[in-house]
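Numbered from 1 within each chain, the chains take letters A, B, ... in sequence-line order.
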2 protein chains.
Amino acid sequence: MKTDAPAAQRAATALGGGRLRAVIEGIAPQVDCGRYPIKRALGEQVRVEADVFTDGHDSVAAQLLFRRAEETSWHAVFMAPQGNDRWAASFTANALGTWHYCVRAWVDHFETWRRDLVKRRQAGQDLTSEFQRGAALVQAAAQRAQSRQLAQWAQTLADEAATMEARCRAAADESLHALMRAHPDPELVSQHPNVLAVTVDPLRARFSSWYEFFPRSATPDPHRHGTLRDCEARLPYVAAMGFDVLYLPPIHPIGRAHRKGANNRIEAEPGEPGSPWAIGAAEGGHKAVHPQLGTLEDLRRLLDSARALDIDVALDMAFQCSPDHPYVAQHPEWFQKRPDGSIQYAENPPKTYQDIYPFHFESPEWRALWRELKSVVEFWIAQGVRVFRVDNPHTKPFPFWEWLIGEVKTGHPEVIFLSEAFTRPKVMHRLAKLGFTQSYTYFAWRNTKQELIEYFTELAQGDAREFFRPNLWPNTPDILTEYLQFTGRAGFMLRATLAATLGASWGIYGPAFELMESTAREPGSEEYLDSEKYQQRHWDLDRPDSLKAYLTLLNRLRRDNAALQSDWSLRFHGVDNEALLCYSKCSEDRANCILCVANLDVHHAQSGWLDLDLEALGLDARQPFQAHDLLSGARFLWQGSRSFVVLDPAQGPAHVLLLRRRVRREQDFDYFL
Amino acid sequence: MKTDAPAAQRAATALGGGRLRAVIEGIAPQVDCGRYPIKRALGEQVRVEADVFTDGHDSVAAQLLFRRAEETSWHAVFMAPQGNDRWAASFTANALGTWHYCVRAWVDHFETWRRDLVKRRQAGQDLTSEFQRGAALVQAAAQRAQSRQLAQWAQTLADEAATMEARCRAAADESLHALMRAHPDPELVSQHPNVLAVTVDPLRARFSSWYEFFPRSATPDPHRHGTLRDCEARLPYVAAMGFDVLYLPPIHPIGRAHRKGANNRIEAEPGEPGSPWAIGAAEGGHKAVHPQLGTLEDLRRLLDSARALDIDVALDMAFQCSPDHPYVAQHPEWFQKRPDGSIQYAENPPKTYQDIYPFHFESPEWRALWRELKSVVEFWIAQGVRVFRVDNPHTKPFPFWEWLIGEVKTGHPEVIFLSEAFTRPKVMHRLAKLGFTQSYTYFAWRNTKQELIEYFTELAQGDAREFFRPNLWPNTPDILTEYLQFTGRAGFMLRATLAATLGASWGIYGPAFELMESTAREPGSEEYLDSEKYQQRHWDLDRPDSLKAYLTLLNRLRRDNAALQSDWSLRFHGVDNEALLCYSKCSEDRANCILCVANLDVHHAQSGWLDLDLEALGLDARQPFQAHDLLSGARFLWQGSRSFVVLDPAQGPAHVLLLRRRVRREQDFDYFL
């Protein structure tokens, strides 16, 4: 479409498309006119809809075409009419990687004839010449298809010695119909010019529970630096809580020049470890392991042990350098020079970050830079890493990410990239469109009922859901929200519950989270006091007030209930109390429905009447159902759309209710399944 | 986008686009990803929006590019930020025909530098190297642009002898800024690949008042067949009522074979005139004038006389043939054959229309058929016709219309095509997308308050408004609605008022309308009894109960009030009475605002309280305003959003209120403008 599309279309039509009467429009889903792929997880259905119609009264037939990128020919499935000229069909994305799909359609003369024959017969019209017309249609298809079977059908229809009854039966025969549909005149088949794409990711792209900790603090001995071996020893702790992705901040050598001290002091004292995001030193850069953490071999052991617990280890991919990074000397052309010849450090005027050199992506040598950065990802993939959390992707050019992720996923469709783009909505969306598998969200700052309903309705129902997979984090090493600073244990429990139930993917930065670390560096800051970003911390994992048991419970509910493993079914229900938030999620077959009622008031008990959308929940207003609170174990017998709830923050932040429908057993007593 | 778009994009990026950091997305308006043009009337603004942003914190600049199809280079206008990364600019479509538009953008390093300089200065940073950086940016632009002026600016910025004050003033200079914006580095400018199109039509495409009558009945003498000369004599009658398009049913020779009699009897009696849609006889086909109507010369006289009254004469374009049409003998290949060798007549099984042969657009000879039909349109254009009402376009292939209209409008952008597609929504829309200037609508069957609000909100605010221009007809020769059959004079007045105020384009089939002809052929039918489609009728235009004075008033209000001359400003307001419908339209500058309150109950007086959206009306809640009923002359003094209305169908169907704001005159008494 680089030129005048309408004129080009007229020219194309005049050249040969003038008899293509079937129209295909409005194919959905698609992202930005097919410029970007939609996303699905392995095994999910790809349901495709399109408007298909033709001029006049003729019937049309439509097919959904689909294939894996590696395949050279299409699979086809017939689409079914949905009313108002909308057609639909589905295919199962049963392999990782890129798939393509498209729609084709044609005017179905045989179906038109078949349909009209019934009307003519009912009106008592003479059908002689009609059978000749039908036979001619079938005969033409027989020739196209070289089909003896069709030729025989043509004879049957044309047989004037046969009874009207027999010929009409033949006309209506479904196997004849199927044969005819399989052999349309190829010259009259329209195919939509847009071939659309879907990226099929591993299931964990959709359903994942992340846990982040700093390896430097993973040691049980507060007097020495944590190592990757320590991380390995901590795996059972993470696994026991039910997390399945362990994300480690950068594990590379840390720069010494302009190294930051504790609490982001401008210069470190001797012995201070510095920020792991100031990557690169004499010991190496993005492909090296920080010597204090251990060796590559230690990392591979960690990956192996994690895999045995069904945990993916996610590495941080922070494309920036400390002034000591080997790249700085080897490839000065990858950095921007200041007028005095020195290398430009990172800035957000008037703030300066002298310990960080950003790459200069407008460099004439950008191609070599891109290749090198790709080799970094490939290096860690070769070690067995399959999940990357990408630091600040919005400060690198969009074309770079599209290229990098596309190239990596062509060889490794199982790789997951989480975008840490805490930035403007359209930038976040763009990054997701061009390839990031998951994205951080604004969840951390959505606290009120109205905010939560608006934002999660957008995430679960908006167009962007086709490409944007949210990952909800109540905290990160950069984000100790004001909310968590001041709401105490109840606030931590509430935010964890919301994240774990509103999001099929969620994550926490621990042990700060389960130990309810809540002191900010200074008033008005979202930075942690004594942040692990700049120093080692010691955490007492066995503290009696730890939330680990509660987190374990949340993750178990997530594993046990398919409803909580995807986002699209999210639906909010009415409550006559602004402090209560009510929402549900159901599995696709609605066999598993979870209803959550959260008390957003961490200070007071709140009560109210729910106004449930029973239809959305698949419930019958005439039948009682059981609401089984999977957090407390309580079971409520409810019926109809209105039910009363009370939630006391001292007892817990929410009901997470499994809705059990009543079934009548043979023994003739009721049971709630 | 015929292949794998994401992979192709990655390849293109790797080839050279990797430094193009500015992103352009979501350009609006556009129809089906730019596959079809949007539509505007001559002199209207084309406001274009797009999301424009880049990675990181740099500033971006964006331009709207536009040109007429005939021009070879773009005009450019800078876009302005609207918040949330949305940018907008406009151009005026000041010539008929096709225009193109597009968006380009780049990272504006100079603006970033300028912006950051202020922050650095406020923070008290040393600016020495910053001025060197700025000077280098300006010097590079000076070289690109071969601009001495820019070179001088570069010197000023670099001049270390100058005061900080002077150099900062230079950095902030708006003329320097403008020069720098005019000369971005072309290698780093992104241009969106989609070039979009807008069809610019004459004003009458947007604002028109149609009147249809049958020439056969235009005679003052009921004993002879009406002629084109009679039509000419009736022009003043039409002009006096304020109509500006006179639409005539087909004026071609009428077939004799299977000619239909009065009230669609299967065979005509001798002397019966037949249906003018059964086109073609020994006397000629689509390029001939029915001898009983007169000659081509008579038509040209009619066109001339009409033009003198600022009336366009619209001809009917019905692409079908009577069995006597010369095409049937000359080009049997353009028609479908039945198995017995006869030509296939029109059918909608089990109904048959033996007097009509449809063209066979799937014929191998479709190209010659298309060319011939195009020559028909060109023939009438050569006679001076500029408006065509196209009969049943939805029964001919879509590619044909796109080609035909596109070809015709390339040479004659002033031509207007009205689509008579009373069919399914998506088919109507498709015809509008591919070129029809205006379209009939479902208005005739939308009667209740809820129906009207839903349908007109869709027409005025829905995406389709970019290409679908509604034309509202309370009746046509095919449509005497049940509503008009049973609601009498009040019903006719109400439907005319709704059409003339809800639609910038409307039309009636007269004199049946103004004489309130309301008898159906049989119960349950929408056909007129003794329809002019099959027989000549005599109408007494001077009947005292004629609605002609009321229609004259409606059209005068339309001419006097810019608010009624376009559709997009339509807005519905609340009324606490289901029988009252309240809506407003304003001119773009809101200098002219019309508020309509219609009583949908033709039997009883109804009253209620309006709940006006004052902001939409540009009214100040603290100031009284005058609501001047242009139908009755009454003036109401209102203030605030709530006002009381009473409407009695015996008095009239509606208020059409000009809202007059109060102005304070120098003489110090108030006046309502």
Side-chain angles (χ1 to χ4, degrees), chain A residues 1-6 9-10 13-14 17-21 23 25 32-37 51 53 55-57 69 84-85 100 116 119-120 123 125 129 132-133 136 193-195 197 338-340 348-350 362 366-367 370 394-400 402-403 406 424-427 430, chain B residues 1-6 9-10 13-14 17-21 23 25 32-37 51 53 55-57 69 84-85 100 116 119-120 123 125 129 132-133 193-195 197 338-340 348-350 361-362 366-367 370 394-400 402-403 406 424-427 430:
Chain A
M1 286 201 240
K2 305 223 168 188
T3 55
D4 175 2
Q9 179 61 31
R10 288 203 305 280
T13 297
R19 296 193 303 156
L20 296 177
R21 291 172 49 214
V23 169
E25 287 190 335
D32 289 12
C33 304
R35 168 70 179 76
Y36 302 99
D51 296 331
F53 50 88
D55 57 276
H57 308 288
N84 193 22
D85 292 317
H100 295 299
D116 289 349
K119 295 183 194 162
R120 294 178 202 275
Q125 293 177 359
S129 81
Q132 289 170 8
R133 284 214 306 136
N194 275 27
V195 172
R338 290 158 54 85
D340 64 5
N348 187 7
E362 286 183 348
W366 61 274
R367 282 184 185 81
W370 284 25
H394 57 292
T395 60
K396 288 93 195 170
F398 300 98
F400 166 67
E402 181 167 31
W403 174 83
R424 310 192 304 283
K426 284 168 186 172
V427 177
R430 175 91 180 180
Chain B
M1 286 202 241
K2 305 222 169 191
T3 53
D4 175 3
Q9 179 62 30
R10 286 204 304 277
T13 296
R19 296 193 305 156
L20 297 177
R21 291 173 47 215
V23 169
E25 287 189 335
D32 290 11
C33 304
R35 168 68 179 79
Y36 302 100
D51 296 330
F53 52 88
D55 57 276
H57 309 288
N84 193 21
D85 291 318
H100 296 296
D116 289 348
K119 294 183 196 162
R120 293 178 204 274
Q125 293 177 0
S129 80
Q132 289 171 6
R133 284 214 306 137
N194 274 26
V195 172
R338 289 157 53 85
D340 65 4
N348 187 7
F361 282 91
E362 286 183 347
W366 61 273
R367 283 185 185 79
W370 283 25
H394 56 293
T395 60
K396 288 91 192 170
F398 299 98
F400 167 68
E402 181 167 32
W403 173 84
R424 308 190 306 282
K426 285 170 186 171
V427 177
R430 175 92 180 181

Of the backbone (N, CA, C, O) and the side chain (C-beta and beyond), which part of B:Q132 lies under 4.5 Å from a heavy atom of chain A, both, or neither?
both
How long is the straight-line distance from CH2 of B:W370 back to CZ of B:F361, given to the nearest 0.5 Å?
8.5 Å
I need the residue from A:G56, A:P425, A:P339 with the largest number of non-hydrogen atom pairs under 4.5 Å to chain B.
A:P339
Chain B contact via A:K396 - which portion, at a heavy-atom distance below 4.5 Å:
backbone
Is it the backbone or the side chain of A:H57 that comes under 4.5 Å from a heavy atom of chain B, or both, or neither?
side chain
Determine the option with the most heavy-atom pairs under 4.5 angstrom with chain B, choosing from A:E362, A:R424, A:K119.
A:E362
Angle class for the A:F53/B:F398 ring planes (parallel below 30°, perpendicular above 60°, tilted otherwise)?
perpendicular
So, using salt bridge (charged side-chain N to carboxylate O under 4.0 Å, His left out) as the criterion, who are the partners of B:R338 when residues are at least two apart?
none
Are any of the side-chain heavy atoms of B:D85 and A:V427 separated by less than 4.5 Å?
yes
Just jot down the side chain to side chain donor-acceptor pair (under 3.5 Å) partners of A:N84, sequence neighbours excluded, or say none.
none
